[in-house]
Amino acid sequence: MTTALHAKPQMTVPFEDHIDWYTLEGFPHLAYHICAVDEKKRIVDILFKFDANSQIALHRHKADYITLTLRGELRIYRPNGELKEIRPTGAYVSGTADGEPHREGGGDEDVIAFFSNRNIENLVYEILDDNLNTVATLGMEEFKALHAAQRT
């Protein structure tokens with residue numbers, strides 16, 4: 001007898017083809033799928049797809065987070081555009097709120113990464129301009145609304 005823990009899934013197409021991807025106006029090179037929003041536990045779990053050889057908006061994480069690169073290379077860039085880090089498929093990284101502003105993007109292929117944002121006080125991301133001024137924020141309320149919109 002085979003249990004679910006030992007079953008070998010038979011996918012005929014890549015897993016990301018089974019996911020409904022969404023985009024936000026003004027945020028090029030990025031698609032998302034919100035997996036869960038848990039206000040009580042203060043967690044927002046998101047799948048992100050970053051375009052190959054591109055960078056998303058400059059931002060700062062305002063909550064602790066965990067990332068797991070599921071496909072491709074997640075590239076992290078400093079505010080000046082300098083490559084800071086490459087996280088290959090399988091890379092698991094834990095970070096804290098209010099770290100260095102940065103941009104993320106894919107390597108030579110689109111990258112898919114799981115982000116678990118934790119200990120959220122209010123904001124999850126602070127979107128910055130090139131002078132490090134805040135131009136937008138995304139918090140628990142925005143992610144609740146985006147998650148609800150996915151289900152309609």
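- Met140 and Leu24 fall within the same hydrophobic cluster, where Ile, Leu, Val, Met, Phe, Trp and Tyr residues are linked whenever their side-chain heavy atoms come under 4.5 Å apart, directly or through other members.
- The cluster map of Ile, Leu, Val, Met, Phe, Trp and Tyr, joined by side-chain heavy atoms under 4.5 Å apart, puts Leu30 and Leu58 in different clusters.
- Between Leu47 and Cys35, the shortest heavy-atom contact is CG-SG, 3.9 Å.
- Tyr22 and Ile19 sit in two unconnected hydrophobic clusters of ILVMFWY residues. Membership requires side-chain heavy atoms under 4.5 Å apart, directly or through other members.
- Although no hydrogens or angles enter the test, the distance criterion places no donor-acceptor pair under 3.5 Å between the side chain of Asn131 and the main chain of Asn133.
- Looking at every heavy atom in both residues, Thr134 comes nearest to Glu126 through OG1-OE2, 2.9 Å.
- Using a 30° and 60° split on the angle between ring planes, Phe115 and His61 fall in the parallel class, below 30°.
- Of all the heavy atoms in Val111 and Gly105, the pair that sits closest is CG1-O, 4.0 Å.
- Atom OG of Ser116 is separated from atom OH of Tyr65 by 12.5 Å, given to the nearest 0.5 angstrom.
- At a threshold of 4.5 Å between non-hydrogen side-chain atoms, the residues Leu128 and Val135 do not count as touching.
- Connection of Leu146 to Tyr125 is established within a shared hydrophobic cluster, with ILVMFWY side chains joined at heavy-atom distances below 4.5 Å, either directly or through further cluster members.
- Side-chain atoms of Asp110 come within 3.5 Å of backbone atoms of Ala52 as a donor-acceptor pair (strictly under, hydrogens ignored).
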List the steps and the verdict of side chain to side chain contact (heavy atoms under 4.5 Å, CB included) for Asn53 and Asp108.
CA-CA 6 Å; Asn53 300 309; Asp108 290 333; 3.3 Å; yes
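- When atom types are taken as modelled, the side chain of Gln150 and the backbone of Ile34 share a donor-acceptor pair closer than 3.5 angstrom.
- Rounded to the nearest 0.5 Å, atoms CG (Asn122) and NZ (Lys62) are 10.0 Å apart.
- Contact check for Asp38 versus Asp45: no side-chain heavy atoms found under the 4.5 Å cut-off.
- The heavy-atom pair separating Ala97 from Asp64 by the smallest distance is N-OD1, 3.0 Å.
- Of the possible polar contacts, none joining the His29 side chain to the Asp51 backbone as a donor-acceptor pair under 3.5 Å is found.
- At least one side-chain heavy atom of Pro79 sits less than 4.5 Å from a side-chain heavy atom of Glu100.
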Just do the side chain to side chain contact (heavy atoms under 4.5 Å, CB included) check on Phe27 and Ile56 with the steps written out, would you?
CA-CA 7 Å; Phe27 291 90; Ile56 64 166; over 6 Å; no
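- For the pair Glu85 and His102, the minimum side-chain heavy-atom distance is 4.5 Å or more.
- The nearest pair of heavy atoms linking Asn80 to Glu82 is OD1-N, 2.9 Å.
- The side-chain heavy atoms of Glu121 and Arg42, taken from C-beta on, include a pair separated by under 4.5 Å.
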Hey, mind stepping through Ile112 and Trp21 against side chain to side chain contact (heavy atoms under 4.5 Å, CB included) and telling me if it holds?
CA-CA 11 Å; Ile112 297 176; Trp21 294 103; 4.0 Å; yes
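- The backbone N or O of Val44 sits less than 3.5 Å from a side-chain atom of Asn117, completing a donor-acceptor pair.
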Could you walk me through whether His59 and Glu104 pass the side chain to side chain contact (heavy atoms under 4.5 Å, CB included) check?
CA-CA 9 Å; His59 64 282; Glu104 288 142 339; 3.1 Å; yes
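- In the hydrophobic clustering of ILVMFWY residues, with side-chain heavy atoms under 4.5 Å counting as a link, Leu74 and Phe48 come out together.
- Scanning all heavy atoms of the two residues, the minimum distance from Gly106 to Phe50 falls at N-CB, 3.8 Å.
- Put simply, the side chain of Thr89 gets close to the backbone of Gly72: a donor and an acceptor are under 3.5 Å apart.
- Note that CD1 of Ile86 and OG1 of Thr69 are 11.0 Å apart. Values are rounded to the nearest 0.5 Å.
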